[in-house]
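Here's the structure we're looking at; comments come further down.
Everything numeric here is computed off the predicted structure, so don't read it as measured data. Whatever order the structure lists ligands and atoms in, that order sets their numbers, starting from 1. Just so it is clear, the values below take in all heavy atoms, side chains as well, and ignore hydrogens, waters and symmetry mates.
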Amino acid sequence: MDRVHTARLVMASSLLPFLFCSLVLLPICVLSQNKSSLTIGDSLNAGTSTSPWLVSPSGEFAFGFLQLNDTDDLFLLSTWYAKIPEKTIVWYADQGNPAPRGSKVVLSGEGLVLTGPSSEQLWNVSAGVSLGLLNDTGNFVLEDDNSNTVWESFKDPRDTLLPSQVLEKGGKLSSRLTDTNFSKGRSELFFKDDGNLVVYSINLPSGSVNENYYESGTIKSNSSSPGTKLIFDRSGDFYVLRENNEKYNVLERESATSTTQFYLRATLDFDGVLTLYQYPKNSIGGGGWTQVWFEPDNICSYIVKSGSGICGYNSYCTLSEYKRPKCQCPKSYSLVDPNDPYGSCKPDFIQGCAEDELSHQKDLYDYEVLKDTDWPLSDYVLQKPFTEEQCMESCMEDCLCSVAIHRAGDSCWKKKIPLSNGRVDATLYAKAFLKVRKDNSSLAVPPIPVPVIVNKNRNTLVLVGSVLLGTSAFLNVVLFGAICFSTFFILQYKKKLRKGTTGSRVELETNLRCFTYEELEEATNGFNKELGRGAFGVVYEGVLNMGSTTTCVAVKKLNNFSLEEIHKEFKNELNAIGLTHHKNLVRLVGFCEAGSERLLIYEYMSNGTLASFLFNGGKRKPSWKLRLQIAIEIARGLVYLHEECGTKIIHCDIKPQNILLDDSFSARICDFGLAKLLKMNQSRTNTAIRGTKGYVALEWFKNMPITALVDVFSYGVLLLEIVSCRRNVEAESEDEAKAILTDWAYDCYYDGTLLALVEGDQEALEDEKNLEKLVMIAIWCVQEDPCLRPTMRTVTLMLEGIVEVPVPPCPSPISIQYSLD
Ligand SMILES: *[C@@H]1O[C@H](CO)[C@@H](O)[C@H](O)[C@H]1NC(C)=O
Ligand SMILES: *[C@@H]1O[C@H](CO)[C@@H](O)[C@H](O)[C@H]1NC(C)=O
Ligand SMILES: *[C@@H]1O[C@H](CO)[C@@H](O)[C@H](O)[C@H]1NC(C)=O
Ligand SMILES: CC(=O)N[C@H]1CO[C@H](CO)[C@@H](O)[C@@H]1O
């Protein structure tokens, strides 16, 4: 009896989605008129009505399209509990792929067919059918003319078994990927032909099978009879029935619970735990799902030889108080996919023998001590006897080593990335020394909420730019990873928590806030203070009252919105922009959709554009040190856009007008991701002309693929402008040789007269070494042949002195004539 756990499922992770989705379901519960059977020709459109297609005679189960959450236009053809507020799905079609709004399910003589909005077939059941029924057990059944069952959902289970459901030999349950994503997950339960019930993890996407972490052991032997089927009977017993009719209990429950008083379900949860849940049917105000029994007892101790273990790579598993696995990234590591907290972690820094060698600094690494933590199986060497100090030091000095585990008093296991099967377990008596690069300054995340930043003198905002999905594969070891994602996660979590309790609207799957037009009208005092005007809209100053604090914002009113497809594209793009979070990007705070109006709300930047900072009309040049800092910050922002954020973003219009300075004169890139949002996918040449002459790479004029390297080109031009404090093109320049900055800079470099570029700039004149380095980097960036340009990551490494800058070739080896047509 001591194994019976009736702990309340207060675990935030699994309850929150239920809580905040419950509002969607309430209307469904109140509906009275529902079908109890389907006949040929019946159909249901996703998104046209909130009522289910079918309700079981008792009203306890419903079948139809269930909206996944109240913002996405995604619907899952599924079976769920109709009388409880929690959204609890017990069966779903199409392997959990949700169907978009406008999809349709039809019962025809040939079966059940699910089609997408443009009538493409998504999923079907092919059988000669005349009737569809939803049984009180939750079984969705298709019958033929003679009332024979030709198909039933109980025979095609997903992650859940219900009382009266049986799993035959060869039957399988497959967990979902996350609590809210129903795609194929990482665990499977399989009733094997030899009668053994096993649960194991699989490696996605191939599905290759790892070691079992649970087995019933019901196989043929001298003393036992093999299992024939897995039964979840009507009284709630969950057992393997042996050939000799003996029962082998898999999940047990307190005798007090009965299926008349409780809903019961056995679910292979997305975290891999097979759990028996119960829910009191008649308690007022619900009562929630509680876990009654589960297997295995400690899933964290599960070891996988050719996979990551229950958590992703470099992650480690701890058991929560409800004995559920929780995966965590070590310090200075962050999730590869921020939407998948059980997935792999990546280091937020570079590490490797080549990188270490290139660095001029010594003592690159610190270490983090993790008690009782181990990543078994990732080791490449054992040193014994070694003290803790020897173990730690030997890892610090070894460029192959990522973590050293000191165990059993004198054993030192050195391990390399990716680390697998990580877990925290006090019985291990292990201490982990995790190597962490010291210089992680580029990782700092702006505080949340964002400080009040006011832009007083921003004059123009040209909304030009374009988002293109990056195509290049970056083979480098990940560095400076997305701490922003974990921040986003915390935000999401907090937001869900708030939403869950207050029940207000959730708009996007990001931390963006949705504003009403009235709110913005009030914030901008009736759109009266114009900050700037661009091709795509007008920017107004605004002040938002958020509880006790006021925040200044820039409100961008888009006017060139093409009407078709607005809804979908707008949100998709905003999702991508909203997910970005980096200290060198201007943050999008929220948006507003009101009729045909689209508005974007940004944080304010108090120190205007880099253009007004650099080209200040003959006043003293800004500090050289500060300019160098700004150059590095812009590069970091671009590395983030190109490589580190969820959707790769190519800015396409990097220029000083699109770099803003915050109150501490940190550079912040703005207007990234806008052109795609604004459907600026007209002809490329147009875009280029509309983009800014002098900053655009040659690819735009030729029929060459547009990659992140166009930003590198623009960055090179910008870097020269930062160095010399003059615009790239000075048409009215007296000296023709100086008219185009990029050409002049190369000439100066070639002739060894670099100081001419920084005439009158004492600080720069005294720092000739850095000056030369910057110009060399810029020349690499503005190479006409994109293949010669470095990536922004390499640029950053060169700027930071981690990588030497080789001698650059002439940017335009052959004079290339191009027309703008
Ligand atoms: C169901 O799908 C299968 C394969 O996707 C297809 O061959 C079959 O024709 C479909 N059946 C119906 C009734 O559309
Ligand atoms: C439907 O449920 C009833 C009891 O509720 C059961 O007797 C019957 O066999 C079920 N039918 C199918 C097809 O599962
Ligand atoms: C679920 O996860 C898969 C794999 O990561 C992804 O392709 C899919 O878009 C996700 N589905 C939803 C509805 O988020
Ligand atoms: C800016 C920043 O993130 N600094 C952190 C770098 O890592 C050390 C040790 O891991 C932290 O103490 C710093 O706060």
Practice task
Provide the number and element of each atom of ligand 3 under 4.0 Å from a heavy atom of L177.
Solution key: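 In order of numbering, the contacting atoms are 2 (O), 4 (C), 5 (O).
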
Practice task
Mark up the atoms of ligand 3 that fall under 4.0 Å of a heavy atom belonging to P98, in ascending order.
Solution key: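 In order of number, 13 (C).
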
Problem - For atom 14 (O) of ligand 1, the protein heavy atom that lies nearest, with its residue and separation - result: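 In this structure, atom 14 (O) of ligand 1 has Q121 NE2, 3.1 Å as its nearest protein heavy atom.
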
Handout entry: Check: V113 main-chain N/O paired with N124 side-chain donor or acceptor under 3.5 Å
Key =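 No, N124 side chain to V113 backbone: no donor-acceptor pair under 3.5 Å.
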
Problem - Atom pair OG1 (T180) and NZ (K87), whose distance is rounded to the nearest 0.5 Å - result: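 So the OG1 of T180 and the NZ of K87 are separated by 9.5 Å.
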
Handout entry: Closest approach of D156 to W151 (non-hydrogen atoms, all atoms of both residues)
Key =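 For D156 and W151, the tightest heavy-atom pair comes out as OD2-CZ2, 4.0 Å.
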
Problem - Closest non-hydrogen atom pair, Y302 against E211 - result: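 Of all heavy-atom pairs spanning Y302 and E211, the closest is OH-O, 2.5 Å.
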
Problem - Verdict with supporting geometry, C317 and C300, disulfide bond (SG atoms under 2.5 Å apart) - result: CA-CA 6 Å; C317 182; C300 288; 2.0 Å; yes

Problem - Contact bool for atom 4 (C) of ligand 1 (protein heavy atom, d < 4.0 Å) - result: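 Protein heavy atom within 4.0 Å of atom 4 (C) of ligand 1: absent.
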
Exercise for the section: Evaluate the 4.0 Å heavy atom contact test for atom 11 (N) of ligand 1: does a protein atom fall under the cut-off? Expected result: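 Within 4.0 Å: yes, protein heavy atom nearby.
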
Handout entry: Residue-ligand contact S126/ligand 1, heavy atom below 4.0 Å
Key =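 Contact present.
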
Exercise for the section: Using distance alone, decide if ligand 1 has a nitrogen or oxygen within less than 3.5 Å of any nitrogen or oxygen in E110. Expected result: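 For ligand 1, there is no N or O atom that lies under 3.5 Å from one belonging to E110.
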
Exercise for the section: Closest by any non-hydrogen atom to atom 2 (O) of ligand 1: pick that one out of N124, V106, V125. Expected result: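 Checking each option, the heavy atom nearest atom 2 (O) of ligand 1 is found in N124.
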
Exercise for the section: Scan side-chain atoms only and decide if W289 and T88 contain a donor-acceptor pair under the 3.5 Å cut-off. Expected result: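 Yes.
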
Handout entry: Nitrogen or oxygen atoms of N181 and ligand 3 under 3.5 Å apart
Key =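 Yes: some nitrogen or oxygen of N181 is under 3.5 Å from one in ligand 3.
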
Exercise for the section: Give a yes or no on whether the ring-centroid distance for F591 and F515 is below 6.0 angstrom. Expected result: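 No; F515 has its ring centre 6.0 Å or more from that of F591.
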
